[in-house]
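See structure below.
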Amino acid sequence: MDAKTDARTDSSAQRRRQVLERIARACRESGRSPAAVELLAVSKQQPAAALRAQHALGQRAFGENRLQEALTKQDELADLELTWHFIGPVQSNKTRDIAARFDWVQSVDREKILRRLGAQRPEAKPPLMICLQVNIDEEPQKAGASPAAVTDLAALCRDLPRLCLRGLMCLPARQEDADDTRDSFQRVAALAATLRHEGHEIDTLSMGMSADLEPAIACGSTMVRVGTDLFGPRTQR
Ligand SMILES: *Cc1c(COP(=O)(O)O)cnc(C)c1O
């Protein structure tokens with residue numbers, strides 16, 4: 001190992017330890033088991049070597065938001081057993097590759113995309129895991145289904161056997177006040193409870209990132225998506 005690789009391994013391990021400690025502390029403070037919250041490593045704009053370093057430290061689940069960048073890294077890391085989550089905007093002309101090359105899609109927000117993923121998921125693979133992205137603060141420029149549209153999208157998943165609805169994902173509005181972020185997370189949790197009442201066996205609340213994983217965990221997050229605090233600043237584009 002050269003000095004540069006060594007340094008990368010050290011800082012990766014240190015950042016990872018700090019993120020896992022934050023998750024554990026947030027779980028403790030809300031009386032939850034740390035095993036109840038999964039860490040998704042958001043590796044967008046990070047080189048394959050950075051993912052390899054996190055894999056060596058035990059990380060298996062990685063999130064990417066651009067298809068072409070993700071496919072290149074998947075090829076570079078084909079020797080590792082990783083779980084790939086697509087977390088970026090899904091365009092219709094990208095669904096075939098996404099359905100074939102990812103294990104999860106967390107950013108589904110409309111019927112057309114659900115139907116295409118359901119039709120295009122290869123038979124040889126297990127069903128594609130789905131989270132519906134909710135635009136919880138109903139911000140006009142933001143991706144995500146409106147909270148009112150989520151019930152119908154969840155019902156549609158039932159009719160698509162190649163998809164498995166796992167839960168909801170959100171990216172709340174950036175708030176000055178942490179209490180407002182917490183309020184957004186609570187509304188997503190309430191929406192998930194409604195879906196459970198409607199008979200959906202969902203187990204995933206994907207919420208919380210580097211800046212707000214603590215309030216997300218306090219509100220019931222089961223998956224935090226951490227990029228910057230795990231990998232350092234994003235570089236590659
Ligand atoms: C980039 C991104 C993240 C991670 O953000 P950080 O602030 O770097 O932790 C999480 N979720 C989504 C959907 C993202 O695009």
Side-chain angles (χ1 to χ4, degrees), residues 38-55 59-135 139 141-145 149-150 153-154 156-157 160-171 204 206-210 223-237:
E38 185 182 354
L39 170 61
L40 178 68
V42 176
S43 46
K44 63 187 187 195
Q45 294 172 56
Q46 297 292 346
L51 285 74
R52 201 173 277 284
Q54 285 297 327
H55 172 272
Q59 185 65 32
R60 295 294 176 267
F62 292 88
E64 291 279 342
N65 70 339
R66 284 168 182 250
L67 179 62
Q68 203 48 57
E69 180 190 335
L71 295 180
T72 304
K73 278 182 239 180
Q74 288 178 350
D75 290 341
E76 287 172 326
L77 300 169
D79 58 312
L80 307 181
E81 266 198 43
L82 305 178
T83 304
W84 292 96
H85 294 236
F86 195 80
I87 60 170
V90 184
Q91 293 154 341
S92 305
N93 63 345
K94 304 283 169 65
T95 52
R96 186 171 298 279
D97 280 336
I98 291 174
R101 301 285 300 267
F102 283 79
D103 303 289
W104 289 64
V105 185
Q106 297 203 8
S107 41
V108 183
D109 61 2
R110 58 192 193 278
E111 176 180 338
K112 182 181 179 188
I113 298 299
L114 269 183
R115 289 193 187 280
R116 289 178 69 92
L117 292 171
Q120 293 170 339
R121 177 66 169 176
E123 284 297 332
K125 301 210 160 187
L128 184 61
M129 302 299 150
I130 299 289
C131 287
L132 299 172
Q133 182 174 352
V134 192
N135 184 358
E139 297 169 275
Q141 306 304 330
K142 197 171 262 181
V150 164
L153 291 174
L156 175 59
C157 286
L160 300 169
R162 303 299 298 139
L163 305 184
C164 175
L165 180 65
R166 295 294 296 269
L168 301 176
M169 185 271 261
C170 75
L171 263 162
T204 303
S206 172
M207 49 190 206
M209 320 196 293
S210 294
M223 193 184 291
V224 290
R225 308 180 309 271
V226 182
T228 313
D229 284 1
L230 191 61
F231 290 104
R234 288 184 267 276
T235 50
Q236 212 180 59
R237 173 97 285 171

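For the numbers below, each heavy atom of this structure counts, side chains included, while hydrogens, waters and symmetry mates do not. The chain is numbered in sequence order, starting from 1.
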Using a 3.5 Å distance criterion without hydrogens, assess whether the side chain of Arg162 forms a donor-acceptor pair with backbone atoms of Gln120. no
Could you please spell out the steps behind the side-chain contact (heavy atoms from CB on, under 4.5 Å) verdict for Gln106 and Ile130? CA-CA 6 Å; Gln106 297 203 8; Ile130 299 289; over 6 Å; no
With a 6.0 Å cut-off (strictly less than), is the heavy-atom count around CZ of Arg96, excluding the residue itself, greater than 12? no
Check the orientation of Phe102 and Trp84. Use parallel for under 30°, tilted for 30 to 60°, and perpendicular for over 60°. perpendicular
Nearest heavy-atom contact between Leu163 and Leu114 is CD1-O, 3.5 Å
Give the intermediate values and the outcome of side-chain contact (heavy atoms from CB on, under 4.5 Å) for residues Ile98 and Val90. CA-CA 8 Å; Ile98 291 174; Val90 184; 3.9 Å; yes
So do the side chains of Met209 and Leu171 get within less than 4.5 Å of each other, counting heavy atoms only? yes
Is Arg66 close to Leu71 at the side-chain level, that is, under 4.5 Å between some pair of heavy atoms? no
Arg225 side-chain N/O to Ser206 backbone N/O, donor-acceptor pair under 3.5 Å: yes
Could you check whether any side-chain heavy atom of Ser92 comes within less than 4.5 Å of a side-chain heavy atom of Arg116, counting everything from C-beta outward? yes
Please tell me if the side chains of Lys73 and Glu64 come closer than 4.5 Å, counting only heavy atoms from C-beta onward. yes
Are side-chain heavy atoms of Glu81 and Arg60 found at a separation under 4.5 Å? no
Is a salt bridge present between Asp109 and Lys142, judged by a nitrogen-to-oxygen distance below 4.0 Å? no
Any side-chain heavy atom of Pro89 sitting closer than 4.5 Å to one from Gln91? no
Is it true that a side-chain atom of Glu123 and a backbone atom of Lys125 form a donor plus acceptor pair closer than 3.5 Å? no
Evaluate Thr83 against Trp104 for side-chain contact (heavy atoms from CB on, under 4.5 Å), listing each step before the verdict. CA-CA 8 Å; Thr83 304; Trp104 289 64; 4.0 Å; yes
